[in-house]
Amino acid sequence: MATPHPTAIPTEPIGSIPRPRDLIERVVHGDSEDPALTPHYEAAIRDTIERFEATGSPVVTDGEQRKYNNFATYAVHGLPNAAPDGFTIAFSDGHTRTLWRLTRGPFRYARYADGYLDVAMRYAHVPVKQAVISPSALSLMYPAETIPGYSREEFIDDLLREHETEIRRCLDKGAHKVQVDFTEGRLAVKLDPSGHLLNSFIDLNNLALSHFSSDERRRIGVHTCPGNDFMATHSADVDYAELLPSLFELKAGNFYIALAGEPDRRHVLKIIHKYRKRDQRIFVGVIAPSDPRVESPEEVRDSVLEASEYIPIEQLGTTDDCGFSPFFDNTSTTRDMAFAKIQARVRGTALAAKLLGVQP
Ligand SMILES: [Zn+2]
């Protein structure tokens, strides 16, 4: 049987949109979980989804308006057995972000991301995707010294169970895709050039992914990027050649790969061409959130055409290089700018699809 001809080039966002300033003000001066904030979160989510849909984006997110304080620690923020003095990520401009540290067992999520999906799906008229944090990122919560009465092995068992639960809840509720944020993959190569840390992250995430069927994995993806916070990165100097061969060993059906901000895109595309597997869809980044200019649809079109030289159309998709505000308090990009860039992605991808003969 011939492979059915694709009817479009799929295009999806990564997740975050800068929060409205008044919401940031209310949250930083109070408690992020204060029920009095609910109508303000809801208003921000409703507005985000309306504006997302107005760009023509066939898939939307809630802009992570309620993910506090960031894409990585939303699930554990405020846990009574964690302290905000854990692993520190250093960015290229000198600023840092600190994750949480587990102080005692057992480890449980404080909240699952399907709670965000519930709200988003009430407002959306098109499919909604949901990003979740990877087990490898949260594994950094366990301190170097053993926690008395709660071994690292017990922690990993609990972590994997919580992560699987979160993904299943999102899939069961109808998430278009569940995207596992794996920004620490490229960072791992920077921290440990031997590759051992990266390999341990890949193994851990694959342990989790192995619990899902191949049908389920077609709705699960992995996002990689060099970090994006206040226009700075944490691992852009790591060559993708050190990351992508291992990345494609992950048992996920979709990969969301930052590419627009790379100095040599063809170098990266050649690596993707060589190491991608037949059952993997590659969403290449065609928008750079940290570039303070809006890409034109024609520029996006040309990036898609370039990528199509290396990735078969039936395996190609487009995305943004990263979320536009992975951390709650980051307003270095405006909401207007984020939606203008998303619109360029959608239009440019459609222009390329037309030229490549993949119109419905
Ligand atoms: Zn990212």
Step-by-step side chain to side chain contact (heavy atoms under 4.5 Å, CB included) determination, Ser325 to Thr333:
CA-CA 7 Å; Ser325 184; Thr333 301; over 6 Å; no
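- Looking only at distances, no side-chain donor or acceptor of His77 sits under 3.5 Å from a matching main-chain atom of Thr73.
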Step by step, would you call Phe201 with Leu140 a side chain to side chain contact (heavy atoms under 4.5 Å, CB included)?
CA-CA 10 Å; Phe201 282 177; Leu140 297 167; 4.1 Å; yes
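- Hydrophobic clustering (ILVMFWY, side-chain heavy atoms < 4.5 Å, transitive): Tyr116 and Phe324 are in one cluster.
- A salt bridge links Arg51 with Asp336: at least one charged nitrogen is closer than 4.0 Å to a carboxylate oxygen.
- Counting heavy atoms from C-beta on, the side chains of Val76 and Leu138 come closer than 4.5 Å.
- Salt bridge annotation for Arg293-Asp291: present, with a cationic side-chain nitrogen under 4.0 angstrom from a carboxylate oxygen.
- A donor-acceptor contact closer than 3.5 angstrom links the side chains of Glu42 and Tyr123.
- You'll find the side chain of Ile257 reaches within 4.5 Å of the side chain of Tyr240, heavy atoms only.
- A donor-acceptor contact under 3.5 angstrom links the side chains of Asn205 and Ser136, judged on distance only.
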Could you please spell out the steps behind the side chain to side chain contact (heavy atoms under 4.5 Å, CB included) verdict for Tyr41 and Ser32?
CA-CA 10 Å; Tyr41 282 124; Ser32 63; 3.7 Å; yes
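- Residues Asp62 and Val128 form no side-chain contact, since every pair of their non-hydrogen atoms from C-beta on lies 4.5 Å or further apart.
- A donor-acceptor contact shorter than 3.5 Å links the side chain of Lys67 to the backbone of Ala131.
- If you chain together hydrophobic residues whose side chains sit under 4.5 Å apart, Leu259 and Leu187 fall into the same group.
- Side chain to side chain, Thr318 and Thr349 meet the donor-acceptor criterion of an N or O pair below 3.5 Å.
- You'll find the side chain of Gln130 stays beyond 4.5 Å of the side chain of Lys173, heavy atoms only.
- Under a 4.0 Å N-O distance rule, the pair Arg335/Asp47 qualifies as a salt bridge.
- Pairing each heavy atom of Gly227 with each of Thr183, the nearest pair is N-OG1, 3.6 Å.
- Looking only at side-chain heavy atoms (C-beta outward), Arg21 and Thr331 come within less than 4.5 Å of each other.
- Counting only N and O atoms by type, the side chains of Arg19 and Thr48 include no donor and acceptor under 3.5 Å apart.
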Please determine whether side-chain hydrogen bond (donor to acceptor under 3.5 Å, both in side chains) holds for the pair Ser213 and Asp215, giving the CA-CA distance in whole Å, both sets of side-chain angles, and the decisive distance to 0.1 Å.
CA-CA 5 Å; Ser213 68; Asp215 273 355; 5.4 Å; no
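- Under a 4.0 Å N-O distance rule, the pair Asp229/Arg97 qualifies as a salt bridge.
- Between Thr146 and Arg152 the shortest side-chain heavy-atom distance does not fall below 4.5 Å.
- Residues Leu99 and Ala72 share a closest heavy-atom pair of CD2-CB, 4.3 Å.
- The backbone N or O of Lys251 sits less than 3.5 Å from a side-chain atom of Asn206, completing a donor-acceptor pair.
- One finds no salt bridge joining Arg186 and Glu242 here, because no Lys/Arg side-chain nitrogen approaches an Asp/Glu carboxylate oxygen to under 4.0 Å.
- Taken together through direct or relayed side-chain contacts under 4.5 Å among Ile, Leu, Val, Met, Phe, Trp and Tyr, Val286 and Ile282 form part of one hydrophobic cluster.
- Between Phe248 and Tyr275, the ring center distance fails the sub-6.0 Å criterion.
- Using a distance-only test at 3.5 Å, with no hydrogens or angles considered, a donor-acceptor pair links the side chain of Glu184 to the main chain of Ala137.
- By the 30° and 60° cut-offs, the orientation of the rings of Phe155 relative to Tyr142 is tilted.
- The hydrophobic cluster containing Leu207 also contains Ile133, counting ILVMFWY residues as joined when their side-chain heavy atoms lie under 4.5 angstrom apart, directly or transitively.
- Cation-pi contact between Arg104 and Tyr150: absent, since separation from the ring centre below 6.0 Å together with deviation from the ring axis within 45° is not met.
- Exactly one residue among His223, Gln280, Gln315 makes a side chain to side chain contact (heavy atoms under 4.5 Å, CB included) with Phe255. That residue is Gln280.
- The backbone N or O of Met337 lies less than 3.5 Å from a partner atom in the side chain of Thr334, making a donor-acceptor pair.
- The main-chain N or O of Ile17 is found under 3.5 Å from a side-chain atom of Gln65 such that the two form a donor-acceptor pair.
- Ring geometry for Tyr109 versus Phe107: interplanar angle over 60°, hence perpendicular rather than tilted (30 to 60°).
- Linking ILVMFWY side-chain heavy atoms closer than 4.5 Å, directly or via other members, places Leu198 and Leu191 in a single hydrophobic cluster.
- At least one side-chain heavy atom of Ile147 sits less than 4.5 Å from a side-chain heavy atom of Leu102.
- Taking the ring centre of Tyr256 as origin, the terminal cationic atom of Lys177 falls outside the region bounded by 6.0 Å and 45° from the ring axis.
- No side-chain donor-acceptor contact under 3.5 Å links Glu12 to the backbone of Lys129.
- Contact of the Cys225 side chain with the Asp321 side chain is not registered, since no non-hydrogen atoms from C-beta on lie closer than 4.5 Å.
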Apply side-chain hydrogen bond (donor to acceptor under 3.5 Å, both in side chains) to the pair Tyr74 and Arg66, showing each step before the final yes or no.
CA-CA 9 Å; Tyr74 67 88; Arg66 196 163 186 160; over 6 Å; no
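- Checking each of Glu216, His163, His211 against Arg168 for a side-chain hydrogen bond (donor to acceptor under 3.5 Å, both in side chains) leaves exactly one that passes, namely Glu216.
- Ring-plane geometry between Phe91 and His234 is classed as tilted, the angle between the planes lying from 30 to 60 degrees on a 0 to 90 degree scale.
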Stepwise side chain to side chain contact (heavy atoms under 4.5 Å, CB included) check, Arg108 with Arg161:
CA-CA 9 Å; Arg108 300 283 183 269; Arg161 193 191 54 252; 3.1 Å; yes
